[in-house]
Number of protein chains: 2
Amino acid sequence: MSITSKDIARICGVSRGTVDRALNNKPRINPKTKEKILRVARELNYRPDLVARSLAKGETMSIGVVVFDIRNRYFAQLVNAIETEAKKYGYLLNITLQGKDPEMELRLIDNLVARRVDGLIICPVNKGDAFEKYLKNLTIPLIVIGNMVSHDIPFIGIDEYRASRDAVKLISSKKYKNIVFVCPPLKDREKENIYSHEERLKGFIDELKERKGIRYEVVDSWDYLNEVDRLLSRSDEKTALYCSGDTFALEIMKHLRKRNVEIPNQVGIMGFDGIDILDYITPRLATIYNPVETIGIKAVENLIRLIKGESIEKQLFIEYKVMEGESV
Amino acid sequence: MSITSKDIARICGVSRGTVDRALNNKPRINPKTKEKILRVARELNYRPDLVARSLAKGETMSIGVVVFDIRNRYFAQLVNAIETEAKKYGYLLNITLQGKDPEMELRLIDNLVARRVDGLIICPVNKGDAFEKYLKNLTIPLIVIGNMVSHDIPFIGIDEYRASRDAVKLISSKKYKNIVFVCPPLKDREKENIYSHEERLKGFIDELKERKGIRYEVVDSWDYLNEVDRLLSRSDEKTALYCSGDTFALEIMKHLRKRNVEIPNQVGIMGFDGIDILDYITPRLATIYNPVETIGIKAVENLIRLIKGESIEKQLFIEYKVMEGESV
DNA sequence: TTGAAAGCGCTAACAG
DNA sequence: CTGTTAGCGCTTTCAA
């Protein structure tokens, strides 16, 4: 057993209340007794039990985080930023991964709430009214990142719709005659929250509707590599593949490399997210840089405001950046 | 305020002890009262307060993790594996990042201990006797990953020395006349624990000592790109760059690509770790595959054994794999 | 089968 | 300036 404040009180011949005042820099204590208590505490290498403190104070100084998976570059960068920022304020992270499993997500949120984390940051896979209601009934503050659930629940992300239109503008400026939006997650739209991809899709379509003379279509299959083969063999028009995620773009590039298809000479490619490993890839992938670090930092800032009972703006859109690259 | 077991007791007209028996499937309770309590609990959406439970039971069902940084692929994969495995046993993770700051590492470990995590998994940046003693004095079980601190402290990793010799064997088999070990972390050997890199260095040297006719040298500078330029301009022998980490290899490949140096025709490159993004890189990098998922899983398994008071083997070496690639 | 009471280690409120 | 008391919500022990 480790040493408690009671032990210190006994040894110093004072009450636990006095020990508390000394240890936590509270007023109304004799400097000499304070000094003595601090000395004894140090000598005995006293460490307060933070579990007990949490129970007494009703705060744990922890933030619960629920995301898909941190092998995913995007979430690795996000969680990294959240941890670094939270630490500055004395908060530690309870991080949990739902692996796109809606049931698991609910279980994890329940568990974190039961552990009395002071707030939650989630990138949800669930969606819909029931989920919205569930979140609203939580007793703790919450910030949603990426996949918006409703306009009523605090959200931080980028304006995916506008970013997607910008992506299409960039591609169009390169005189492609045919643009394909590659977005496998659309396949899962029934069961999963794919808000961000749906916004990107809308932006893609709206932008192209306004432009004449460019054909476009959508690939919404996880078998997208074969789809790409089929599309490219079928048409001899200058085609660009606009991918709703850098990872899909990288997979396609790897695939085309095997087929000796040259990028961007024979086909153009654009991604979305601006994950950090693009640094190592040739040709440099055109993409939308999603400021994930900033999003993480803002999420922590806003969450802490909520924890303190302060108010925040319900929707916070961070500026993204169009990265030209060499692949389109 | 949320509802407590006391409320349930009051409503059901029983004592808190009985409520506990019902809720936690304990014996010696009348099935009918149990049923009633469970029903009421469900109706009121009762959730036990896990902080209170932790205080009462003396266990938190959390595991503390301290690593460098999870933008680093290696740690992202590691933490991902640890989380997934720990969750199976009902443990959540408190993950913290020390960013190679020794002071920070100590503060984080202290904090986690104060939060009464049931065990720790760390990849330490500290080293030496004082640190070893500090770790031994911790009141909770601990597993060290990667950077061994001492043979007395439970460790999981690969046999870096042997792996490094195997790497050199692979390179040698390709008839290089000059092999350069690129290992910037050596620069920090005074202040940081770079056990794994030092083992790799030893393996490199020992293997080459046994082979005649191959020149070798070591680059231990963070300015390694310029060093590489200098080395390559100086010699016209067939040279291979053996990097103590895939990231260094990727940086060099990117650098050489700009200089239009062909790999492996003009210079060979080999990495270490086998991080997942190599999938997207051409030419395929030769490397040592470090089974980080397995290491994470084993770390959790062993830690839980320690938590339960069971015994484990102090040193656990997982099998690595030599990946031939096309870069050497 | 159930209840009562004590305790986990800390904080907070009030009285002295 | 200091001590006392109660309480956070749960588990555990012992007695009934």
Side-chain angles (χ1 to χ4, degrees), chain A residues 1-38 40-41 44-62 90 110-111 113-118 139-140, chain B residues 1-38 40-41 44-62 90 110-111 113-118 139-140:
Chain A
M1 273 334 296
S2 48
I3 166 155
T4 74
S5 72
K6 202 164 153 188
D7 298 326
I8 304 210
R10 190 170 29 77
I11 292 166
C12 294
V14 298
S15 75
R16 285 146 65 50
T18 306
V19 172
D20 183 47
R21 282 184 271 264
L23 260 25
N24 296 307
N25 275 316
K26 290 184 180 167
R28 297 181 305 151
I29 182 172
N30 185 320
K32 291 196 67 167
T33 50
K34 176 169 182 174
E35 194 191 341
K36 177 175 181 192
I37 292 170
L38 289 178
V40 170
L44 298 181
N45 196 29
Y46 167 76
R47 305 276 169 204
D49 182 324
L50 265 27
V51 174
R53 176 180 291 171
S54 292
L55 182 60
K57 304 203 8 162
E59 70 174 17
T60 54
M61 298 306 282
S62 335
D110 272 347
N111 191 283
V113 171
R115 282 165 186 261
R116 298 293 184 263
V117 295
D118 294 337
T139 47
I140 56 175
Chain B
M1 272 333 297
S2 47
I3 165 154
T4 73
S5 71
K6 203 166 153 186
D7 299 326
I8 303 208
R10 190 172 28 78
I11 293 167
C12 294
V14 297
S15 74
R16 286 146 61 51
T18 305
V19 172
D20 183 50
R21 282 184 272 263
L23 260 25
N24 296 306
N25 273 316
K26 289 183 180 167
R28 295 182 303 149
I29 183 173
N30 185 319
K32 290 196 71 166
T33 50
K34 175 167 181 175
E35 195 191 340
K36 177 174 182 192
I37 292 171
L38 289 179
V40 171
L44 298 181
N45 197 27
Y46 167 76
R47 305 275 168 203
D49 182 325
L50 265 25
V51 173
R53 176 180 291 173
S54 292
L55 182 61
K57 303 199 15 160
E59 70 173 16
T60 54
M61 297 307 282
S62 347
D110 272 348
N111 192 285
V113 171
R115 282 163 184 261
R116 298 295 184 263
V117 295
D118 294 337
T139 48
I140 56 175

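Because the structure is a prediction, the values reported are computed rather than measured. So you know, we letter chains A, B, ... as the sequences are listed, proteins then strands, and number each from 1. Computed from heavy atoms alone, side chains included, the values below leave out hydrogens, waters and symmetry copies.
With rounding to the nearest 0.5 Å, the separation of CD1 in A:Ile37 from CG in A:Leu23 is 7.5 Å. Residue A:Ile3 holds its CD1 atom at 8.5 Å from CG of A:Asn45, rounded to the nearest 0.5 Å.
Nucleotide D:dT12 holds its P atom 15 Å from the CD1 atom of B:Ile29, rounded to whole Å. B:Glu59 has its CD atom 16 Å from the P atom of D:dC10, to the nearest Å. We find that CG of A:Asp7 is positioned 10 Å from P of C:dC8, with the value rounded to whole Å. The nearest whole Å value for the distance from the CG atom in A:Leu23 to the P atom in C:dG9 is 15 Å.
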Protein-nucleic acid N or O pairs under 3.5 Å, nucleotides 10-13 of chain C:
{"unit_1": "C:dC10", "atom_1": "OP1", "unit_2": "A:Tyr46", "atom_2": "OH", "d": "2.5"}
{"unit_1": "C:dC10", "atom_1": "OP1", "unit_2": "A:Asp49", "atom_2": "N", "d": "3.2"}
{"unit_1": "C:dC10", "atom_1": "OP2", "unit_2": "A:Ser5", "atom_2": "N", "d": "2.6"}
{"unit_1": "C:dC10", "atom_1": "OP2", "unit_2": "A:Ser5", "atom_2": "OG", "d": "3.0"}
{"unit_1": "C:dC10", "atom_1": "N4", "unit_2": "A:Arg16", "atom_2": "NH2", "d": "2.2"}
{"unit_1": "C:dT11", "atom_1": "OP1", "unit_2": "A:Arg53", "atom_2": "NE", "d": "2.7"}
{"unit_1": "C:dT11", "atom_1": "OP1", "unit_2": "A:Arg53", "atom_2": "NH2", "d": "3.3"}
{"unit_1": "C:dT11", "atom_1": "OP2", "unit_2": "A:Asp20", "atom_2": "OD1", "d": "2.6"}
{"unit_1": "C:dT11", "atom_1": "OP2", "unit_2": "A:Asn24", "atom_2": "ND2", "d": "3.4"}
{"unit_1": "C:dA12", "atom_1": "OP2", "unit_2": "A:Lys26", "atom_2": "NZ", "d": "3.1"}

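Looking at heavy atoms from C-beta onward, A:Leu44 lies out of side-chain contact with A:Asp7 at the 4.5 angstrom threshold.
For D:dC10, the OP1/OP2 oxygens have no side-chain nitrogen or oxygen of B:Ser54 closer than 4.0 Å. Considering only side-chain N and O atoms, B:Thr18 lies under 4.0 angstrom from the phosphate OP1 or OP2 of C:dG3.
Using a 4.0 Å heavy-atom distance criterion, A:Val14 is classed as a sugar-phosphate-only contact. Residue contacts shown for A:Leu55 include a base, since a base heavy atom lies under 4.0 Å away.
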Could you go through A:Asp49 and A:Thr4, starting from their C-alpha distance and side-chain angles, then the distance that decides it, and tell me whether this counts as side chain to side chain contact (heavy atoms under 4.5 Å, CB included)? CA-CA 8 Å; A:Asp49 182 324; A:Thr4 74; over 6 Å; no
For side chain to side chain contact (heavy atoms under 4.5 Å, CB included), just list the numbers for B:Arg115 and B:Ser54, CA-CA rounded to whole Å, side-chain angles, deciding distance to a tenth of an Å, and then say yes or no. CA-CA 10 Å; B:Arg115 282 163 184 261; B:Ser54 292; over 6 Å; no
Apply the test side chain to side chain contact (heavy atoms under 4.5 Å, CB included) to residues B:Met61 and B:Asp118: give CA-CA distance (whole Å), side-chain angles for both, the deciding distance (0.1 Å), then the verdict. CA-CA 6 Å; B:Met61 297 307 282; B:Asp118 294 337; 4.2 Å; yes
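Here side chain to side chain donor-acceptor pair (under 3.5 Å) pairs that include residues 26-36 of chain B, with residues two or more places apart or in two chains, are B:Asp20-B:Lys26, B:Asn25-B:Lys34.
A rotation axis mapping the C1' atoms of four pairs onto the next four is fitted at both ends of the helix from C:dT1-D:dA16 to C:dG16-D:dC1 over five pairs, and the angle between these axes is 40° to 10 degrees.
B:Leu55 and A:Ala52 make their closest contact through CD1-CB, 3.8 Å (heavy atoms, listed as atom of the first residue, atom of the second, distance). Across A:Arg116 and B:Arg47, no two heavy atoms sit closer than the pair NH2-O, 4.1 Å.
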